[in-house]
Amino acid sequence: MFNTKSLFLSAFFSLLVNNFAFSQTEQKISFYGKVFDAETKLALVGASVFIPKLKQGSISNSEGEFHFHNLSKGTYEVVFEFVGYSELKMNLFLNKNSEKNFYLKPTVIQTQEVTVFARKEELKTTTVQTLTEKELDKNRGQTLGEAVEQISGITILQTGPSISKPVIRGLHSQRILLLNDGVQQEGQQWGGEHAPEIDPFSI
């Protein structure tokens with residue numbers, strides 16, 4: 001009778017110890033906290049919090065809060081990352097539900113200087129055409145209007161045997177700027193019966 005009772009009590013305590021150990025191994029904990037700027041003490045939104053050992057991560061919300069649940073007790077390396085801030089790595093021993101605040105330090109991102117070179121393209125809105133000396137020699141004895149008439153886009157307004165003036169897109173007389181040896185030509189071109197006083201032989 002004594003041996004049976006001792007055996008019963010031994011089995012009972014063994015079962016009780018096993019159940020207690022099982023409950024201890026199955027107990028899960030939570031780890032949560034907030035991420036702040038170390039200088040301004042403002043919450044960082046979108047900071048990455050990662051536990052490499054568990055391959056689990058969390059992103060801080062609008063209040064800088066992050067959460068991890070169903071963790072086993074133990075020591076974990078926790079990595080904090082955020083653009084523009086130095087990476088923070090910490091080893092934390094977690095044996096119960098824990099809450100902790102973390103502060104990331106801003107970092108300066110420096111790159112090599114970039115030099116931009118640009119060249120302004122000359123905008124040409126006019127067309128320049130020139131009569132060569134050889135072409136002028138072929139028209140010796142003609143008036144200036146007759147000489148320039150062969151240039152594309154130019155016609156002449158002729159009111160007499162030696163009275164002619166160039167017409168460009170319907171414009172003539174004072175509406176066309178004439179330069180004679182770099183000097184503006186202003187004489188004898190205001191009326192239909194007048195022609196510019198330019199001697200084609202002097203060109």
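Through side-chain heavy atoms spaced under 4.5 Å, either directly or across other Ile, Leu, Val, Met, Phe, Trp or Tyr residues, Val114 is tied to Val116. Residue Leu42 is found outside any hydrophobic cluster, as its side-chain heavy atoms come under 4.5 Å of no other Ile, Leu, Val, Met, Phe, Trp or Tyr.
Note on Phe36: it does not cluster hydrophobically with Phe31, by side-chain heavy-atom contacts below 4.5 Å among ILVMFWY residues.
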Side-chain donor-acceptor pairs under 3.5 Å in residues 76-92, sequence neighbours left out?
unit_1: Tyr76; atom_1: OH; unit_2: Ser72; atom_2: O; d: 2.5
unit_1: Tyr85; atom_1: OH; unit_2: Asp37; atom_2: OD2; d: 2.5

Determine all donor-acceptor pairs shorter than 3.5 Å in which one atom belongs to a side chain in residues 48-71; sequence neighbours excluded.
unit_1: Ser60; atom_1: OG; unit_2: Leu44; atom_2: O; d: 2.7
unit_1: Ser60; atom_1: OG; unit_2: Gly46; atom_2: N; d: 3.1
unit_1: Ser60; atom_1: OG; unit_2: Ala47; atom_2: N; d: 2.8
unit_1: Asn61; atom_1: OD1; unit_2: Glu63; atom_2: N; d: 2.9
unit_1: Asn61; atom_1: OD1; unit_2: Gly64; atom_2: N; d: 3.2
unit_1: Asn61; atom_1: OD1; unit_2: Glu65; atom_2: N; d: 2.9
unit_1: Asn61; atom_1: ND2; unit_2: Glu65; atom_2: OE1; d: 3.3
unit_1: His69; atom_1: ND1; unit_2: Ser30; atom_2: OG; d: 3.1

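Rounding to the nearest 0.5 angstrom, the gap separating the NZ atom in Lys73 from the CD1 atom in Ile29 is 7.0 Å. A distance of 10.0 Å separates CG in Leu177 from CD1 in Ile168, rounded to the nearest 0.5 Å.
Residues that satisfy the salt bridge (charged side-chain N to carboxylate O under 4.0 Å, His left out) test with Arg169, not counting sequence neighbours, are absent from this structure.
For residues 93-103, there are no side chain to side chain donor-acceptor pair (under 3.5 Å) pairs, not counting sequence neighbours.
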